[in-house]
Number of protein chains: 2
Amino acid sequence: MLRLSTKGQYGVRAMFEIAKGDPEKPTNIRQIAERQDVSVAYLEQILNTLRRAGLIQSIKGPGGGYILSKTPSEIAIGEILKELEGPVAITSCLDPEEGCSRVETCVTHLLWRSLGEKIQDFLNTITLEDLLNEEALLKEAGTTRTISLTWGTTG
Amino acid sequence: MLRLSTKGQYGVRAMFEIAKGDPEKPTNIRQIAERQDVSVAYLEQILNTLRRAGLIQSIKGPGGGYILSKTPSEIAIGEILKELEGPVAITSCLDPEEGCSRVETCVTHLLWRSLGEKIQDFLNTITLEDLLNEEALLKEAGTTRTISLTWGTTG
DNA sequence: AAAATACTTTAGTGATTTTGTCAAGTATTA
DNA sequence: TAATACTTGACAAAATCACTAAAGTATTTT
């Protein structure tokens with residue numbers, strides 16, 4: 001349940017790949033496609049969306065590619081996903097575009113909204129820089145278990 | 001993004017409807033269908049799944065219907081959803097049935113797992129009793145805003 | 001016993017969404 | 001001016017969703 005589409009997943013991975021590159025040297029789309037094992041054509045769609053959203057910039061011509069518009073610490077995972085998949089909306093009645101008639105009386109509505117807010121908070125807290133740091137730690141330690149716990153205070 | 005299917009939503013609403021009834025008197029499927037505006041046939045599928053999972057019991061014959069197998073405080077929303085939609089699996093590589101080849105080295109994998117755990121924790125904390133209490137408060141106060149904040153400590 | 005009520009199970013189906021591919025561009029620079 | 005790289009829009013196969021339909025089985029009241 002609550003699965004993310006591949007578009008969102010690839011988008012985050014692509015942004016991560018760009019973040020890993022030299023801020024001065026653009027990362028080209030073929031490199032990303034290769035490293036993340038996604039087709040160039042599909043990636044073009046995704047990067048296009050992200051570019052229009054202002055998260056990345058494209059540089060044309062030989063040696064061109066994509067660079068981040070902001071530093072990794074300023075780009076939250078939530079921003080990336082929002083552009084590619086729209087806002088978190090556990091149910092259709094929470095989608096700003098659709099709306100709900102029984103907001104006032106519906107208890108489950110409150111539940112879904114509360115969950116949605118929690119997810120949103122989480123995703124807006126984690127940035128590309130966090131991912132970069134995680135990877136650095138991962139390479140050092142070679143263990144995955146303890147690291148994921150550094151995010152948030154799972155009681 | 002991260003939308004729940006109607007099956008899960010209807011399931012929770014149906015369980016809530018049963019929880020609202022007298023623990024001794026079964027709630028019949030037609031009543032639930034009417035109150036929640038879902039077709040009887042579709043609801044049958046859903047309740048069947050929940051019955052096989054042991055969350056509810058069915059009582060046949062005239063005057064029959066469904067009752068909870070446990071008290072509302074013992075039934076978490078997460079349990080209901082798990083039966084109807086499977087475990088939280090933000091990405092396919094986190095699905096126990098599918099698996100992932102690059103677990104060790106993939107940073108985003110950690111991110112999705114961490115998010116999934118947070119969602120799971122939340123859903124396992126909220127029970128049907130909480131929903132019953134919420135509704136009671138809702139009827140009193142007539143306001144929705146403050147109530148949802150009582151769930152979890154949104155920093 | 002028979003009829004009414006109510007749950008049970010399995011198939012099937014149209015609509016929608018997802019996950020891409022394809023083709024034909026436009027822009028920039030070596 | 002050729003090569004590289006990004007840009008855009010249309011389209012389509014596959015999967016999933018959200019049901020409907022139909023034929024049962026079980027229980028109780030009369």
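Protein chains get the first letters and strands the later ones, always in sequence-line order, with residue 1 at the start of each.
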According to salt bridge (charged side-chain N to carboxylate O under 4.0 Å, His left out), who are the partners of B:Glu17, at least two apart in sequence or on a separate chain?
B:Arg35

Check the distance between [N]'s [atom2] and [X]'s [atom1] and give it to me in whole angstrom.
| X | N | atom1 | atom2 | value |
| --- | --- | --- | --- | --- |
| A:Leu47 | D:dA5 | CG | C1' | 12 Å |
| B:Ile29 | D:dT20 | CD1 | P | 13 Å |
| B:Leu43 | D:dA18 | CG | C1' | 13 Å |
| B:Arg13 | D:dA18 | CZ | P | 12 Å |
| A:Gln57 | D:dA5 | CD | C1' | 16 Å |
| B:Ile46 | D:dT20 | CD1 | P | 11 Å |
| B:Glu44 | D:dC19 | CD | P | 15 Å |
| B:Lys60 | C:dA4 | NZ | C1' | 15 Å |

Given [N], is OP1 or OP2 found less than 4.0 Å from the side-chain N or O atoms of [X]?
| X | N | value |
| --- | --- | --- |
| B:Ser39 | D:dC19 | no |
| A:Asn28 | D:dT4 | no |
| B:Arg51 | C:dT9 | yes |
| A:Asn48 | D:dT8 | yes |
| B:Tyr42 | D:dC17 | no |
| A:Ser58 | D:dA5 | no |

Does the A:Glu34 side chain pair with the main chain of A:Gln31, one donor and one acceptor, at a distance under 3.5 Å?
no

Indicate whether the side chain of B:Glu117 and that of B:Ser114 have a donor and an acceptor atom separated by less than 3.5 Å.
no

Please tell me whether B:Ser5 and B:Glu85 have a donor and an acceptor in their side chains that are separated by less than 3.5 angstrom.
yes

Could you say whether A:Pro62 or A:Ser5 is positioned toward the 5' end of DNA chain C, judged by the nucleotide with the nearest heavy atom to each?
A:Ser5

Residue met sooner reading DNA chain D from 5', once A:Ala41 and A:Gly63 are mapped to nucleotides:
A:Gly63

Of A:Gln45 and A:Thr27, the one whose nearest nucleotide on DNA chain D sits closer to the 5' end is A:Thr27

Residue B:Tyr66, side-chain atoms from C-beta onward, closest of C:dT8, C:dT18, D:dT7
C:dT8

Per side-chain contact (heavy atoms from CB on, under 4.5 Å), B:Ile77 is matched among B:Asn124, B:Thr125, B:Ile126, B:Asp130 by B:Ile126

